[in-house]
Participant: 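Sending over a structure as structure tokens; questions will come in a sec.
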Amino acid sequence: MTDLFGTAPRASGRRDHRVSVLVPVAVDAPYTYASDRALAPGTVVAVPLGTREVLGCVWDDPPDETIGHNRIREVSRIFDCPPIADDLRRFVDWVAAWTLGTRGMILRMVLRVPDALEPEPPIKAVRATGTAPERRTDARARVLEMMSDGMAWSKSGLATAAGVSPSVVDGLVAQGCLEAVLIPPSTAYAVPDPEARPPKLFDAQRHAADSLVTAVAADRFSVSLLDGVTGSGKTEVFLEAVAETVRRGRQSLILMPEISLTNVVIDRIERRFAARPAEWHSAVPPRQRARVWRGVAEGRVPIVVGARSALFLPFADLGLVIVDEEHDPAYKQEDRVSYHARDMAIVRGREGGFPVILSSATPSIESRVNADQGRYRRLHLPTRIAGSEMPEVTAIDMRRDGPEQGQWISPRLASAAERVLADGRQVLFFLNRRGYAPLTLCRTCGHRFVCPNCSTWLVDHRLRGRLECHHCGHSEKRPEACPECGDLDSLVACGPGVERIAEEVRARHPDSRILVLSSDLPGGSDRLRRELQLVADGGVDIIVGTQLVAKGHTFPNLALVGVVDADLGLANGDPRAAERTFQLLTQVTGRAGRTGGTGEGMLQTYAPEHPVIKALVSGDREAFYREEVAARRNAGLPPFGRLAAIVVSGPDKHEAESYARALARAAPRSDAVEVLGPAEAALAVLRGRYRFRLLARAPRSVDLQAYLRDWLAAGPRPRGALKCMVDVDPQSFL
DNA sequence: AGCACGCCGACT
DNA sequence: GTCGGCGTGCTC
């Protein structure tokens with residue numbers, strides 16, 4: 001800015017510059033603040049907002065000149081940290097527009113690191129002074145021996161290393177033999193060596209890896225779908241893309257669907273590159289989070305393994321994102337802003353101009369469609385690496401070969417299990433249903449136990465002696481007598497859960513060591529880890545498990561997987577039911593013979609002709625994919641995205657939400673439903689982002705498009721003005 | 001009268 | 001998201 005004489009204006013006090021600052025609250029437009037100097041977009045600042053002070057980021061929008069001087073407040077701090085990069089700022093804008101969130105709320109996900117912006121406090125340590133202690137004891141001698149090289153140690157570390165109690169160290173400090181010193185925190189990250197331990201790759205792997213390396217070398221946006229059967233060595237392949245990214249001096253992000261799976265990948269990366277990658281998810285303690293955030297922003301962290309929130313880390317120079325197990329529904333975030341991390345990863349790649357890799361043994365239908373339509377490149381690994389075969393999968397027709405009344409395991413599955421156990425190998429009975437029985441009813445009066453909130457059946461959890469709702473978490477004590485007719489001992493359990501299967505297995509195999517693995521068993525993740533180790537060490541003969549066993553863990557000696565109810569989940573009205581079941585049962589039968597030897601899967605089914613069962617038995621994934629795409633087309637569903645519900649409005653917020661929940665329970669389940677507030681929903685429909693169809697409760701005569709337009713244009717609206725719901729299909733998003 | 005709670009709008 | 005203001009309705 002120059003004045004009439006072409007000279008720069010004199011600096012006159014502080015409030016010379018207006019800057020746009022996006023703040024982490026639910027607003028879309030940045031606010032205008034004053035600053036004593038110009039601030040580049042991306043600068044991280046603290047600003048006053050109402051009664052508090054919040055973190056914010058200088059944004060690209062021009063400052064609002066219409067705000068009066070008297071209303072403008074001053075930037076209170078400018079942080080000494082690298083700016084939020086352009087590509088991440090564009091990404092925030094894009095995600096906000098796509099998810100119908102506000103830019104402020106998306107930025108909040110980037111800035112949710114309270115301590116990262118303060119310099120890390122120095123570490124308290126002790127160092128030898130050279131003074132000898134008055135009395136020289138054994139313990140003191142050991143400590144001083146450790147300290148003779150002049151290095152500083154933390155008190156507790158020193159005590160542990162010297163094998164003495166911390167009070168010995170305190171005593172030496174009191175005597176002046178050791179002095180307390182402050183040392184700068186170590187922030188160095190191990191540098192990965194791309195040539196440290198290159199894997200031996202088989203032909204198909206080599207071909208896929210070369211293709212990924214080429215994609216990285218091309219230095220522009222692309223999406224590759226690495227589609228390889230369980231055990232085909234996908235991880236080794238995509239780590240070659242990481243290696244190439246490291247060679248180019250850029251950062252890589254590997255996304256995992258859940259925290260429990262990160263460890264395995266972290267260990268493999270450490271082996272491959274002789275350096276441990278950084279880890280990012282909600283269970284990482286705050287201090288370490290802050291360190292990772294800062295290290296990522298300063299470009300010192302070359303590789304991050306993280307959950308979906310890692311997409312919002314402020315990478316200085318991100319050059320690759322890998323989405324492992326891309327089909328996993330855990331990538332969809334439901335609370336607050338609702339987004340699909342797999343799709344957002346692709347957008348992050350587009351904004352940053354770098355490649356994205358999706359990896360899965362059972363790709364989602366939409367990713368396969370995107371690959372077939374040429375938006376993604378597909379890399380196919382059709383066979384396992386040498387030394388292990390795909391398990392032989394057979395179907396057991398329960399209409400002919402079912403078990404006796406009161407049992408759930410068919411004779412054929414039972415004898416196969418006996419054969420395997422006699423060989424000293426392990427058996428897994430899989431049933432994706434927690435608890436003892438999904439329904440309890442009274443033999444006398446027919447009373448069924450249902451949830452007071454959800455009107456779904458209460459699941460009998462016998463180990464806990466409770467009846468629980470798997471929908472809302474409601475739990476009540478399992479009564480002795482029927483609450484309806486008062487009869488004692490008249491309650492019967494209907495249908496099986498894992499606890500009941502375990503009971504049957506115990507009766508059949510009293511001498512076998514049996515382990516039940518289900519997410520609701522007490523003891524938490526430590527106990528789970530110990531029990532999985534026990535399985536790996538051969539301390540268990542039979543595992544009875546839910547979905548928990550399908551992911552991540554390998555069972556080296558597992559020879560047979562018996563799926564107790566392969567039809568479970570096929571008929572629940574979810575538009576993704578077939579896809580989910582195919583993915584789950586592929587994963588779980590794939591556990592058999594995973595690390596060599598033969599493996600076998602047996603599916604107990606009442607519908608052996610169902611396309612999902614047939615595809616699992618034939619092992620023909622392509623056939624399943626073709627059938628499923630055709631089935632969706634016939635049902636009028638797009639192969640893409642998800643079906644969503646919009647509650648446009650209700651008489652009040654609570655009623656609107658209960659409509660949404662009711663809808664969620666009806667046809668399209670869990671992941672298929674999205675709940676939006678009234679204004680966002682109306683906008684979404686008007687912007688043409690959704691197709692919609694009025695549901696029964698809506699007045700059929702209403703032209704919804706016109707109604708919504710008027711409704712939005714009408715300015716302040718009475719609450720409850722519009723009562724209807726629509727369900728919608730998002731379009732392809734690229 | 002005094003206050004708990006829920007709703008709503010503002011925040012530069 | 002978080003705060004303060006304000007209205008409703010219930011209790012000491």
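Lettering of chains follows the sequences in order, A, B, ..., and the numbering in each one begins at 1. Since this is a predicted model, take the numbers as computed values, not measurements.
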Participant: A:Thr51 near the nucleic acid: base, sugar-phosphate alone, or nothing, with a heavy-atom cut-off under 4.0 Å?
Facilitator: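 Sugar-phosphate, backbone atoms only, no base.
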Participant: From CZ of A:Arg108 over to P of C:dT2, roughly how many Å is that when rounded to an integer?
Facilitator: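 About 6 Å, once rounded to whole Å.
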Participant: Within this structure, what is the CG-to-P distance between A:Leu55 and B:dC11, rounded to whole angstrom?
Facilitator: 21 Å
Participant: My understanding is that only one of A:Val45, A:Leu39, A:Leu49 makes a side-chain contact (heavy atoms from CB on, under 4.5 Å) with A:Tyr33; could you say which?
Facilitator: A:Leu49
Participant: In terms of side-chain heavy atoms, does A:Trp293 have a donor or acceptor partner in A:Asp115 at a distance below 3.5 Å?
Facilitator: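 No.
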Participant: Write down the distance between CE (A:Met105) and C1' (C:dT2), rounded to a whole number of angstrom.
Facilitator: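 Rounding to the nearest Å, CE of A:Met105 and C1' of C:dT2 are 11 Å apart.
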Participant: Look at A:Arg71 and B:dT12 and indicate whether a side-chain polar atom (N or O) is within less than 4.0 Å of OP1 or OP2.
Facilitator: no
Participant: Please check this pair: side chain of A:Arg250 against backbone of A:Leu318, looking for a donor-acceptor N/O pair closer than 3.5 Å.
Facilitator: yes
Participant: Using atom CG of A:Leu107 as one end and atom C1' of B:dC11 as the other, report the distance to the nearest whole Å.
Facilitator: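 Result: 15 Å.
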Participant: What integer distance in Å separates A:Glu53:CD from B:dT12:P?
Facilitator: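 That distance rounds to 13 Å.
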Participant: Output the rounded distance in Å from CD1 (A:Ile72) to P (B:dC11).
Facilitator: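 In whole Å, B:dC11 P and A:Ile72 CD1 are 13 Å from each other.
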Participant: Please give, in whole Å, the distance from C:dG1 C1' to A:Arg52 CZ?
Facilitator: 6 Å
Participant: In whole Å, I'd like the distance from the CG atom of A:Asp28 to the P atom of B:dC11.
Facilitator: 17 Å
Participant: Taking all non-hydrogen atoms of both residues, which atom of A:Phe449 and which atom of A:Glu476 are closest, and how far apart?
Facilitator: CD2-OE2, 4.2 Å
